[in-house]
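The structure under discussion appears below in the form of structure tokens.
These numbers were taken from a predicted model, which means no experiment stands behind them.
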Amino acid sequence: MFKKYRATKQNVILLESAMKALGYPIEKVSAAKDYKEFKYNNWNMMFHNIVNSKMQELEAANNYQ
């Protein structure tokens, strides 16, 4: 099921983790300016079903550790 995420820093980091897990070649998000730039350049990836599913999977794993 598709989940719409708000563009918070935590969710952008979740998006980054999902993209890395799926093999996308991306740079690490760290500094505030890098975070904003990453969000601007990559937030549309959240709407791809495979990326969105991976975000939900990672989110669930983190919530139950």
Side-chain angles (χ1 to χ4, degrees):
M1 190 172 103
F2 187 83
K3 178 176 178 181
K4 187 158 185 173
Y5 288 91
R6 291 181 55 229
T8 63
K9 186 167 187 172
Q10 183 179 358
N11 286 341
V12 171
I13 291 169
L14 183 63
L15 171 63
E16 175 209 20
S17 299
M19 288 174 68
K20 280 194 170 186
L22 292 167
Y24 288 92
I26 57 172
E27 303 272 324
K28 179 80 180 135
V29 174
S30 55
K33 65 182 175 99
D34 296 338
Y35 148 71
K36 286 190 166 78
E37 186 176 329
F38 183 88
K39 179 175 81 174
Y40 179 77
N41 291 330
N42 296 290
W43 192 244
N44 64 310
M45 292 299 293
M46 186 270 292
F47 295 101
H48 292 232
N49 283 334
I50 191 163
V51 175
N52 194 273
S53 294
K54 183 55 99 172
M55 286 174 75
Q56 291 180 59
E57 182 184 313
L58 293 171
E59 183 180 43
N62 287 335
N63 287 341
Y64 294 110
Q65 283 181 353

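The minimum heavy-atom distance between M46 and F2, with the atom names listed, is O-CE1, 3.7 Å. The minimum heavy-atom distance linking Q56 with N52 is given by the pair NE2-OD1, 2.7 Å.
Panel note: side chain Y35, backbone K9; a donor-acceptor pair is recorded below 3.5 Å.
Counted within 6.0 Å of OH on Y40, heavy atoms from surrounding residues, nucleotides or ligands total 12 or fewer; the atom is thus considered open.
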Indicate every side-chain donor-acceptor pair of residues 15-23 with a distance under 3.5 Å to a residue at least two apart or in another chain.
from : atom 1 : to  : atom 2 : distance (Å)
E16  : OE2    : V29 : N      : 2.9
S17  : OG     : I13 : O      : 3.1

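In this view, K4 satisfies the side-chain hydrogen bond (donor to acceptor under 3.5 Å, both in side chains) rule with no residue, not counting sequence neighbours. Not a single salt bridge (charged side-chain N to carboxylate O under 4.0 Å, His left out) links K39 to another residue, sequence neighbours left out.
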**Prompt:** Please walk me through it: do N42 and Y24 pass side chain to side chain contact (heavy atoms under 4.5 Å, CB included)?
**Reply:** CA-CA 11 Å; N42 296 290; Y24 288 92; over 6 Å; no
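The OG atom of S53 lies 12.0 Å from the NZ atom of K3; values are rounded to the nearest 0.5 Å.
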